[in-house]
There are 2 protein chains.
Amino acid sequence: MRKFEDSLPLQLLKAREATMVFFRPLLQENSVTEQQWRVLRALKAYEELESKQLAEHCCILSPSLTGIIKRLEQQGYIKRKKSEEDQRRTLLSLTDKALDLFKRLSPDVESRYKAFAERYGEEKLEQLSKLLKELTELEA
Amino acid sequence: MRKFEDSLPLQLLKAREATMVFFRPLLQENSVTEQQWRVLRALKAYEELESKQLAEHCCILSPSLTGIIKRLEQQGYIKRKKSEEDQRRTLLSLTDKALDLFKRLSPDVESRYKAFAERYGEEKLEQLSKLLKELTELEA
DNA sequence: GAAAACTAGTTTAGATATTAAGAATCTCAT
DNA sequence: ATGAGATTCTTAATATCTAAACTAGTTTTC
């Protein structure tokens with residue numbers, strides 16, 4: 001068997017951790033969890049999404065998402081409505097409070113991202129991103 | 001703000017997920033969780049480790065490790081003993097049952113890994129691994 | 001040499017991950 | 001029209017994550 005440290009899943013995990021070090025403090029200061037932030041960002045990007053699509057985009061399983069949405073709704077960051085055509089589907093979108101949050105945090109997020117990109121190297125980041133995308137598009 | 005899909009943490013998460021697709025079934029068949037498997041692999045590589053070192057290697061926080069170790073011990077996969085020099089430290093190591101597990105699973109793990117590497121490309125895998133290592137070694 | 005500061009490991013509380021099972025709704029062939 | 005099968009979302013049970021507080025043992029400082 002390969003060496004422990006050569007495990008790709010572990011390398012990916014550690015790399016993610018190393019990246020989050022740059023952003024975690026900001027999220028903590030604003031009492032938003034990583035998963036909540038991912039959900040908010042997805043809804044910002046897509047305006048309105050069904051729960052299932054949201055789960056797909058965020059890489060979060062439906063059962064987890066149920067709870068995350070419930071809490072985000074309680075905190076007033078997202079609103080839900082039933083789809084007219086299909087009563088099973090729930091349509092989710094951001095509230096103004098969430099949009100305000102983005103206005104407030106975006107500059108800081110961006111500057112931290114730039115700090116990171118500079119630290120790691122723009123070119124390497126491009127390369128890495130490309131390799132990751134290809135990996136993700138792999139079908140089992 | 002960058003596009004949602006360009007988020008590096010998300011890309012890393014999805015890449016990890018895409019990779020685990022190859023191995024998860026094997027772990028499930030043997031009733032071992034991802035984290036448990038990571039802990040077992042680390043102990044196999046290092047023979048004996050303190051809880052804290054183990055946490056470091058596996059990228060698992062101490063509080064989580066407490067529970068994981070407890071369950072692995074109950075299942076007879078690992079044993080613990082107190083350090084002589086420092087009564088705070090716990091030394092962990094694998095049992096024969098764990099070593100048997102490795103004997104049994106290693107071939108399958110290897111073949112799945114090869115299938116993955118071939119599918120993704122050996123060179124790209126090398127490249128990716130290198131970039132990830134550099135990322136991980138980044139200090140905030 | 002004892003209080004202060006530190007360290008390893010655990011517990012606690014709340015959030016999330018994972019698998020399986022359930023409830024509600026929808027689709028479609030009969 | 002209708003019942004089997006599929007789909008969306010939720011609940012349940014157990015494992016893990018995360019931050020903070022706590023316990024016990026160790027080192028440092030004066």
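Labels below follow one simple rule: chain letters A, B, ... track the order of the sequence lines, proteins then strands, and each chain is numbered from 1. Computed from heavy atoms alone, side chains included, the values below leave out hydrogens, waters and symmetry copies.
Using the six-membered ring where Trp is involved, Tyr46(A) and His57(A) have ring planes that are parallel, under 30° apart on the 30 and 60° scheme.
At whole-Å resolution of the value, OH in Tyr77(A) and C1' in dA15(C) are 16 Å apart. Computed from coordinates, the Gln74(A) CD to dG14(C) P distance equals 13 Å when rounded to whole Å. To the nearest angstrom, C1' of dT18(C) lies 13 Å from CZ of Arg71(B). In this entry the distance linking CD of Gln35(A) with P of dG14(C) reads 17 Å, nearest Å. Between the CD atom of Gln36(A) and the P atom of dA15(C) there is a distance of 8 Å, rounded to whole Å. In this entry the distance linking CD of Glu85(A) with P of dC26(C) reads 10 Å, nearest Å. For the pair Ile60(B) CD1 and dA17(C) C1', the interatomic distance rounds to 13 Å; values are reported in whole Å. Remark: C1' of dA17(C) and CD of Glu34(B) are 9 Å apart, rounded to the nearest angstrom.
Residue contacts for Leu65(B): at a heavy-atom cut-off of 4.0 Å it reaches no nucleic acid atom on any strand shown. Residue contacts shown for Ser62(B) include a base, since a base heavy atom lies under 4.0 Å away.
Contact check, Ser64(A) against dA17(C): a side-chain N or O comes under 4.0 Å of OP1 or OP2.
Between Lys133(A) and Glu5(B) there is no salt bridge, since none of the side-chain N atoms of the basic residue sits less than 4.0 Å from a carboxylate O of the acidic one. A salt bridge links Asp108(B) to Arg112(B): at least one charged side-chain nitrogen sits closer than 4.0 Å to a carboxylate oxygen.
Applying the salt bridge (charged side-chain N to carboxylate O under 4.0 Å, His left out) test between Arg80(A) and each of Glu50(A), Glu48(A), Glu73(A) identifies Glu73(A) as the sole match.
With the nearest nucleotide of DNA chain D identified for both Arg38(B) and Ile69(A), Ile69(A) has the one nearer the 5' end. The nearest heavy atom of DNA chain C to Glu84(A) and to Glu50(B) marks one nucleotide each, and the one closer to the 5' end goes with Glu50(B).
For Ser93(A) and Glu47(A), the side-chain atoms include no donor-acceptor pair closer than 3.5 Å.
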Next on the checklist: For a salt bridge (charged side-chain N to carboxylate O under 4.0 Å, His left out) check, start with the C-alpha distance between Arg89(B) and Asp86(B), then their side-chain angles and the critical distance, and finish with the verdict.
Outcome noted: CA-CA 6 Å; Arg89(B) 291 171 156 76; Asp86(B) 191 334; 2.3 Å; yes
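Both the sub-6.0 Å distance and the 45° axial angle are satisfied by Lys44(A) relative to the ring of Phe102(A).
Taken from CG in Leu13(A) to CG in Leu132(B), the straight-line distance is 11.0 Å, to the nearest 0.5 Å. A distance of 4.0 Å separates CD1 in Ile60(B) from CD1 in Ile68(B), rounded to the nearest 0.5 Å.
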Mind listing the N/O atom pairs, protein and nucleotides 19-24 of chain C, below 3.5 Å?
residue : atom : partner  : partner atom : Å
dT19(C) : OP1  : Gln28(B) : OE1          : 3.1

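When DNA chain D is scanned 5' to 3' for any atom under 4.0 Å from a heavy atom of chain B, the first and last hits are dA15(D) to dT26(D).
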